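Notes to accompany the following structure.
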Amino acid sequence: MALFLLGCLLFNYPLLSLFAGQGEIFGVPLLYAYVFTVWALLIGLMALVVERRSD
Amino acid sequence: MLTGATIVLASFAYVGLLFAIAYYGDKRADAGRSIIANPYIYALSLAVYCTSWTFYGSVGRAATSGIGFLPIYLGPTLMAALWWYVMLKIIRISKANRITSIADFIASRYGKSQILGGLVTIILVIGIVPYIALQLKAISTSFSIILKYPEVVMPDKAGAPLFLGDNTFYIAMLLAAFTILFGTRHLDATERHEGLVAAVAFESLVKLLAFIAVGLFVTFVMYNGFGDIFNRAAEVPQLNALLMLGGASGSYTTWASLTFLSMLAIMFLPRQFQVAVVENVDERHLNKAIWLFPLYLFAINIFVLPIALGGLMHFQGGGVDADTFVLTLPMAQQQPMLALFVFIGGLSAATGMVIVETIALSTMVCNDLVMPVLLRMKWLRLTERPDLSGLLLGIRRGAIVVILVLGYLYFYLAGEAYALVSIGLISFSAVAQFAPAIIGGIFWKGGTRTGAIWGLAAGFLVWLYTLLLPSFAKSGWLPITFLSQGIFGIDLLKPQQLFGLYGLDDTTHCLFWSMLANIGCYIGISLLQRPNAAEHSQATLFVDVLKQSSATAGSRFWRGSASIDDLLALLGRFLGPERARDAFAVYARSRGEKPNQAPAADADLVHYAESLLAGTIGSASARAMIASVVDEEPLGIDEVMNIIDEASQALAYSRQLEQKSRELEAATNELRGANQRLQELDRLKDDFISTVTHELRTPLTSIRAFSEILNDNPQLDTGQRAKFLGIIIKESERLTRLINQVLDLAKIESGNAEWHSSEIDMREVLEDSVTAVSQLFKDRNITLEIKAPPELPLIVADRDRLMQVMLNLLSNAAKFCERPDGRVNITLMRQDDTLRVDVTDNGIGISPSDQKIIFDKFRQVGDTLTQKPRGSGLGLAISREIISHFGGRLWVTSTLGEGSTFSFTLPIKASSKFEVSGLKLDQKFGT
Amino acid sequence: MKPKKILIAEDEPSIVLSLEFLLQNAGYEVTVTRDGNEALRMSEREKPDLIVLDIMLPLLDGFEVCRRIRENETLGHTKILMLTARGHESAIEKSLALGANAYMTKPFSTRELVKKINELLTTAAA
């Protein structure tokens, strides 16, 4: 539940707008990098929570 | 080289492989060794979410709106975080109720409503048709493109003849054939298709690998990695804009609404419901799927933008549809095998979706739309047919063909006007209409059937008006003025700027208005009414599913009995006799009974039969069918057909009946008890009369005897005459007293006694009573003392009545106290809110068994060896009535041989009982 | 001739008084008892020719006294007149079934009572 809310927050205005501008990290556009990083992070956290709970 | 024959051959080979996998999956399932019973297959099967929309369309979307394609995958990721709660609940509910489709789920939740099931089905068929058209478009387009290899030529849009002259039509029919072979080879009560799931999971793997292959090829072969592509794209101004949000990539509102839409779609698309809920083998698989499925989405999306940018840069100047980049880039680079692989991947994405979606839809069309109607048509005499399973399969196969033809027609009529993603969003918006009814249904018990029907209908109509009809208008099948001027030229009714709302994209606009109408109607109407019994029990079943043990879930609310033969025959009609027998045998085994030794058709078996049937013909119809054999009344199945659309009401009736019969039983018990009490009272009354008679006869006997003696013996001397006359007088007095007391008691008991209440000082009453009996006590040499504190509150009571009580208690005390040192003490004290009076003697005492009965009428207790105490035997009964009239209590404590204490309390505050009688009194004396 | 002996078993003092007067007046030798147990003892000791037996006796009721007297062979000649304050048929039937020779309902006619007693004792003598 908390992850859902965190995700909603990270993937929406206004946080998203911070990364919507110019700029890049390691040659990858900032927005693209941000979205995919957060996405990966979220999946990782979900896996962590779920796997720990099912133990 | 890549010839048409090669491509077709490869395609068929691939489909053949799928069949092999499906066949193997089914075989293993029949053998009880499921190959899909692991979380990885489950997660992969969920990826049926990714269709050709994802495979081809995402790149197209990315080419026009940058990362605007992503919300469609971020939504499901976010939703997955909630699956643990929401999806688990839906799975539990569905398993417990053998729910086989989303229509079934909604219908079942709202009192097994056939109307609702039908409505959901209609919405889904209309809503999903564009989505199926999308798949057809993708297959058809990719097929025409790859056929032209090595040239990259966009297929000719215009001029293709309808149906027979059109490749797409053949594709649609082939898909229908695949689907029929995959999904409707036999009927299964659970509607589970293990082989199909295995094939779908395999397809998910193929499309992922194909897409990643292209991604890797574009990123690392055509270009030098991510950085290279992005750097080059950044140099092109139009492409640079794609890398940012807000401008070309769409507003934040669109972003948010697409995220929301896809969150709902991942739950409520028929195919998602099918693979996630219906085909779920073990709810623990959900755990892994919660992160594996988002990981899949992540993986299939990571190369979307690079491919889009690569395509845009490679095919500069346009001419190549961005939706086809995935296929055309390898083709342009002379990579026939990769192109073929991509084509197969795209085929996977499309066929997987079409097959699962149409199976789910056809099940709904059959169970929730066609069967209820057919069963209602009496002249078909369907219910008399021994085996309906063939008919069921026929209906489903027909439905599959019809759905695909509809998809083809939509493709033909409207398909060209939209990009893949836009078509898909139309379907997503339709499916989103189920969210209020389902989410509300599993978390809120107050949602009613009418609320759900109106909510769905309202949302659906808004969707139809603001999204589907405009799609026809844009394709020229409706006048375009419909869009620009609104219906009847009313500006406010412009479908895409409803009530003047503009500034939103089409999808967001539709989502806003349809959700507003939907949720508004659902909640508003639900709040206005109370759920009926059927809705209420289903609501409880659904909302509280996590609290119930799954085994007992359904039968809790159902009690009934039926003959096993009837159940078997009924099941046989729909499942086929053999499968029905097998199912019963399995049931018997699970209960530890021998298969042939039929178990009693108890509630559990009835519920089991109903859930089996629900799997085949939907829960609402199943309820009606079962009710027809379970009902004890001679209600034929034919009659049941008449009320089949009121199946839920029938259920409600049966529950109401059950409730009524329980109430009746309770009332009967009460009556029986009342009767027993009456008989007891009657006996008591008889006793009373008999005792009164006895008590009256005794003095009367003396009076008569002595009168006669005096009459017959005139010679008696004066002394004797005086003695006999004295006896007559004494016995007459006794008779009078007795009669008065009987009347007194009768009046008090019937509530007709007069009470003359006033504020009284209890001490005064005690002193007066002592004065009244002082002679009696003096005669018997008994000491009598009062102990009372100086100041005590007044009480409100009838002074004479209290005197009556005191005199009774004192004369009793005197009676039992005839001994040399006899003494009686009266103690007055305050106890909490009451005044308490104790009359204590040191007489013979009362045995515990006698203590219980002395307050009964005519119970006299005395030293029977010497003499019965004089008295009517009514004194204590009357005293107790008086004291309790004033809200007090009269009781006795005693030790045999040591004396007794009679105590009573009277409340200091006037009791309400008194106030009532006081009022009566005022009225009596006031007039 | 020796006067016949009558035992009165009755617990109401004034009724006892009236019976005592009536029967003495009629020339019988009268003994009085007030409860069932004493009634039995007195019967065995006195061997009365007749017992006037009230049903509602303390300690042992009239029915029981009647039954036991009938079991006692030495009291074979003793007549029993039951007195009942309850006009129930059942009480009367029960009395007769237990071996009572006659019954009277309270309040009774003194003349009839004496007459009935006379009859009972005359038949016995004959």
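In what follows, chains carry the letters A, B, and so on, assigned in the order in which the sequence lines appear, proteins first and then strands, with residues in each chain numbered from 1. Worth saying up front: this structure is predicted, and the values here are computed from it rather than measured.
- Looking at B:Ile302, both its backbone and its side chain come within 4.5 Å of chain A, counting heavy atoms on both sides.
- Both the backbone and the side chain of B:Leu297 come within contact range of chain A, each with at least one heavy atom under 4.5 Å from a heavy atom of that chain.
- Summarising the geometry, atom CG belonging to B:Leu74 is positioned 9.0 Å from atom CG belonging to A:Leu42; distances are rounded to the nearest 0.5 Å.
- No more than 12 heavy atoms of other residues, nucleotides or ligands sit less than 6.0 Å from atom OH of B:Tyr40.
- When the ring-ring contact (aromatic ring centres under 6.0 Å, His included) test is applied to B:Phe298, the partners found at least two apart in sequence or on another chain are A:Phe36, A:Trp39.
- Both the backbone and the side chain of B:Tyr73 come within contact range of chain A, with heavy atoms under 4.5 Å apart.
- A:Met46 approaches B:Pro294 most closely through the heavy-atom pair CE-CG, 3.7 Å.
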